[in-house]
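Just below is one structure, and these are the notes that go with it.
We use all heavy atoms of the structure for the numbers below, so side chains are in, but hydrogens, waters and symmetry mates are not. Throughout, numbering of the chain's residues begins at 1 and tracks the sequence.
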Amino acid sequence: MLPSTQQTPAAWYGPDWIGRERQWITELTISEIEELKHAANAWLEQNEEPRAVEHIRISEFPLSSLGPKLVRMREELMHGRGFAVIRGLPVVRFTEQLAAIIFCGIGGHLGSARPQNAQGQLLGHVRDLGLSSTDPAVRVYQTKERQTFHTDSCDVVGLLCLQTAQSGGLSQLVSSTTIYNAMLRSTPELLELLMQPIATDRRGEVPPGMQPFYSIPVFNFYEGYLTAIYQRQYIESAQRFANAPRLTPKHIEALDKFDALANDPKLHLSMHLERGDMQFVYNHTLLHDRTSFIDRPEPERRRHLLRLWLSIPGDRPLPDIFAEKFGSVAIGNRGGIV
């Protein structure tokens with residue numbers, strides 16, 4: 001039997017958040033900006049030797065004023081609506097290094113950073129490298145193409161916007177819980193297929209001894225929690241492997257239904273990330289997307305975001321099958337490209 005309708009704060013509809021931005025956008029005060037700047041400069045003075053800023057611990061980045069807000073925000077990500085935006089960091093006045101330290105310091109208050117590629121990079125750069133997702137070794141965030149709704153390989157993904165595009169590049173969010181409820185009402189026979197393992201391409205980032213794809217259901221119900229994991233483009237590209245389980249016409253129909261719901265403006269929320277915005281999204285109950293964009297001609301003004309993948313303490317349990325992608329299901333120490 002399929003799990004019943006999920007009545008949780010994560011089961012929202014995008015238009016319901018329009019006009020309620022003050023509930024999900026935290027505007028930094030002047031004193032909080034100064035607190036962040038002071039914490040970053042203090043960390044920099046104590047760490048003159050080259051060191052990965054992604055490993056900043058709470059004890060190394062004290063935030064007496066903003067810290068309690070970040071604790072509440074972390075709870076809202078895990079148990080509430082699943083997303084939040086921090087607005088007002090004056091990146092135009094900061095060096096990229098100082099902005100990165102602040103971003104990683106805030107990330108350290110939320111969780112621990114996880115590697116975003118096979119090279120073990122913990123602080124990622126999201127920008128167009130002139131590549132195409134038709135290359136199976138390329139991941140979509142390295143292009144200017146639309147990403148389509150998907151989840152990342154972590155509990156929470158964080159973005160800091162350093163530069164916006166000339167046009168496009170909107171951020172979009174949708175509740176996977178709402179999609180589940182909608183499919184349960186309309187097409188339960190298709191929903192059933194999405195609760196069975198489906199092969200997804202690793203795009204060349206293959207851990208030793210593992211297949212070049214992983215097989216995890218789109219929807220997973222475990223210990224009372226409904227958790228989603230999804231990337232349609234990589235599901236389709238996994239079919240290039242002869243030993244990957246085949247997608248049947250019914251699978252395609254189920255995936256098409258999932259995408260149609262995600263793309264329905266009655267379900268998703270669109271937002272424009274401004275320079276200095278930090279967005280945090282909970283992957284287990286939300287999917288995120290980015291529309292295609294056109295960049296400015298000047299290299300220094302092209303769209304550029306910093307990205308963190310975080311593992312969150314006190315988070316929900318995940319089924320053992322997630323270890324195939326997350327490396328481990330240990331709370332607070334899971335996720336990333338292993």
Margin query: Would you say that H304 contacts C161 through its side chain, given a criterion of any heavy-atom pair below 4.5 Å between the two side chains?
Written below: no
Next item on the list: Quick one: pull up OG1 in T177 and CG in L286 and give me the separation to the nearest 0.5 Å.
Entry: 7.5 Å
Margin query: Do I216 and L247 sit in one hydrophobic cluster, given that two such residues count as connected whenever their side-chain heavy atoms are within less than 4.5 Å of each other, even indirectly?
Written below: no
Check: Would you call E75 and R72 a salt bridge, taking side-chain N to carboxylate O under 4.0 Å as the test?
Finding: no
Note to self: Can you tell me which residue among Q147, Q279, R290 is in a side chain to side chain donor-acceptor pair (under 3.5 Å) with S171?
What the structure shows: Q279
Checklist line | Check: Q6 side chain, T178 main-chain N or O, donor-acceptor pair, under 3.5 Å | finding: no
Check: Taking the six-membered ring for Trp, are the ring centroids of F83 and W24 within less than 6.0 Å of each other?
Finding: yes
Checklist line | Value rounded to 0.5 Å, distance of CG in L28 from OG in S65 | finding: 9.5 Å
Notebook entry, point to check: Do L123 and C104 come within less than 4.5 Å of each other through their side chains, counting heavy atoms only?
Noted result: yes
Checklist line | All pairs passing salt bridge (Lys or Arg N to Asp or Glu O under 4.0 Å) where residues 16-35 contributes a residue, at least two apart | finding: E32-K69
Next item on the list: Dump the intermediate steps for side-chain hydrogen bond (donor to acceptor under 3.5 Å, both in side chains) on Q233 and T148, then the final yes or no.
Entry: CA-CA 8 Å; Q233 290 150 300; T148 73; 3.0 Å; yes
Margin query: Let's go through N243 and Q211 carefully: what are the C-alpha distance in whole Å and the side-chain angles of both, what is the deciding distance for side-chain hydrogen bond (donor to acceptor under 3.5 Å, both in side chains) to 0.1 Å, and is it a yes or a no?
Written below: CA-CA 9 Å; N243 57 338; Q211 298 271 19; 2.9 Å; yes
Margin query: Give me each pair satisfying side chain to side chain donor-acceptor pair (under 3.5 Å) with a member in residues 321-330, each pair once, sequence neighbours excluded.
Written below: none
Notebook entry, point to check: Which residue pairs satisfy the side chain to side chain donor-acceptor pair (under 3.5 Å) criterion with at least one member in residues 90-115, sequence neighbours excluded?
Noted result: R114-N333
Notebook entry, point to check: Quick check: are there more than 12 heavy atoms from other residues, nucleotides or ligands sitting under 6.0 Å from CD1 of I30?
Noted result: no
Note to self: I want to know whether F219 and F258 have ring centres closer than 6.0 Å.
What the structure shows: yes
Margin query: Main chain of G336, side chain of S153: is a donor-acceptor contact present, judged purely on distance under 3.5 Å?
Written below: yes
Next item on the list: Hey, could you give me the SG/CD1 distance between C154 and I312, rounded to the nearest 0.5 Å?
Entry: 8.5 Å
Notebook entry, point to check: Does V206 have any side-chain contact (heavy atoms from CB on, under 4.5 Å) partners at least two apart in sequence or in another chain, and if so, which?
Noted result: R202, M210, P212
Next item on the list: For L89 and I102, run side chain to side chain contact (heavy atoms under 4.5 Å, CB included): C-alpha distance rounded to whole Å, both residues' side-chain angles, the deciding distance at 0.1 Å, then the answer.
Entry: CA-CA 9 Å; L89 188 69; I102 289 173; 4.0 Å; yes
Notebook entry, point to check: Taking atom OG of S176 and atom CG of L261, what is their separation to the nearest 0.5 Å?
Noted result: 12.0 Å
Check: Could you give all pairs that pass the side chain to side chain donor-acceptor pair (under 3.5 Å) test and reach residues 215-228, with sequence neighbours left out?
Finding: T227-R316
Next item on the list: Kindly compute the distance separating CG (L318) from CZ (F326), expressed to the nearest 0.5 Å.
Entry: 6.0 Å
Notebook entry, point to check: Going by side-chain heavy atoms closer than 4.5 Å, which hydrophobic residues are tied to F213, directly or by a chain of links?
Noted result: F241
Validation: residues 187-197 side-chain donor-acceptor distances under 3.5 Å, sequence neighbours left out:
none

Margin query: Please determine whether side chain to side chain contact (heavy atoms under 4.5 Å, CB included) holds for the pair L287 and L173, giving the CA-CA distance in whole Å, both sets of side-chain angles, and the decisive distance to 0.1 Å.
Written below: CA-CA 6 Å; L287 300 105; L173 305 176; over 6 Å; no
Check: Quick one: does N181's side chain have a donor or acceptor within less than 3.5 Å of a partner on T5's backbone?
Finding: no
Notebook entry, point to check: In terms of hydrophobic clustering (I, L, V, M, F, W, Y; side-chain heavy atoms under 4.5 Å; direct or indirect links), are V281 and I229 co-clustered?
Noted result: no
Note to self: Would you say that D256 contacts R232 through its side chain, given a criterion of any heavy-atom pair below 4.5 Å between the two side chains?
What the structure shows: yes
Check: Does T291 reach the main-chain N or O of G168 with its side chain, forming a donor-acceptor pair under 3.5 Å?
Finding: no
Margin query: Distance check, rounded to the nearest 0.5 Å: I198 atom CD1 versus T200 atom OG1?
Written below: 7.0 Å
Ignoring hydrogens and angles, write down the donor-acceptor pairs under 3.5 Å from the side chains of residues 262-272, residues two or more places apart or on other chains.
residue, atom, partner, partner atom, Å
N263, OD1, R146, NH1, 3.4
N263, OD1, R146, NH2, 2.5
N263, ND2, D259, O, 2.8
D264, OD1, K266, N, 2.9
H268, ND1, A262, O, 2.9
H268, ND1, D264, O, 3.4
S270, OG, Q172, NE2, 2.9

Check: Take atom CD1 in I58; do more than 12 heavy atoms of anything else shown fall under 6.0 Å from it?
Finding: yes
Notebook entry, point to check: Can you tell me if N117 uses its side chain to pair, donor with acceptor, with the backbone of G120 under 3.5 Å?
Noted result: yes
Check: Tell me the salt bridge (Lys or Arg N to Asp or Glu O under 4.0 Å) pairs involving residues 80-89, sequence neighbours left out?
Finding: E76-R81, R87-E274, R87-D277
Note to self: Please evaluate residues W17 and W12 with respect to the criterion side chain to side chain contact (heavy atoms under 4.5 Å, CB included), reporting the C-alpha separation (whole Å), side-chain torsions for both, the decisive distance (0.1 Å), and the verdict.
What the structure shows: CA-CA 9 Å; W17 293 112; W12 48 257; 3.3 Å; yes
Next item on the list: Find out if a path of hydrophobic residues (ILVMFWY) with successive side-chain heavy-atom gaps under 4.5 Å connects V157 to V174.
Entry: no
Item checked: Contact check, side chains of I106 and L70, non-hydrogen atoms, under 4.5 Å -> yes
Item checked: Cluster link L122 to I56, ILVMFWY, side chain under 4.5 Å -> no
Next item on the list: Carefully, step by step, assess L184 and L2 under the rule side chain to side chain contact (heavy atoms under 4.5 Å, CB included).
Entry: CA-CA 8 Å; L184 181 64; L2 293 169; 3.9 Å; yes
Note to self: Side chains of W309 and P115, heavy atoms from C-beta outward: is any pair under 4.5 Å?
What the structure shows: no
Item checked: N/O donor-acceptor pair under 3.5 Å between T151 side chain and Y230 backbone -> yes
Note to self: With heavy-atom distances below 4.5 Å as the criterion, would you say the side chains of L306 and L159 are in contact?
What the structure shows: no
Note to self: Is there a salt bridge (Lys or Arg N to Asp or Glu O under 4.0 Å) between D135 and R203? Walk through the geometry before answering.
What the structure shows: CA-CA 9 Å; D135 182 343; R203 306 293 276 194; over 6 Å; no
Checklist line | Pairs where residues 274-302 contributes a residue and the test ring pair (Phe, Tyr, Trp, His ring centres under 6.0 Å) is met, not counting sequence neighbours | finding: H150-H288, Y282-H284
Notebook entry, point to check: Under 3.5 Å, side chain of R57 to main-chain N/O of H55, donor-acceptor pair present?
Noted result: no
Margin query: Taking salt bridge (Lys or Arg N to Asp or Glu O under 4.0 Å) as the cut-off, I'd like each qualifying pair that reaches into residues 294-310, sequence neighbours left out, listed once.
Written below: E298-R301
Next item on the list: For residues 326-338, pull every pair meeting salt bridge (Lys or Arg N to Asp or Glu O under 4.0 Å), keeping only residues two or more places apart or in separate chains.
Entry: D155-R334, D315-R334
Note to self: One pair to check against side-chain hydrogen bond (donor to acceptor under 3.5 Å, both in side chains): D201 and S237. What are the steps and the verdict?
What the structure shows: CA-CA 6 Å; D201 195 347; S237 67; 2.8 Å; yes
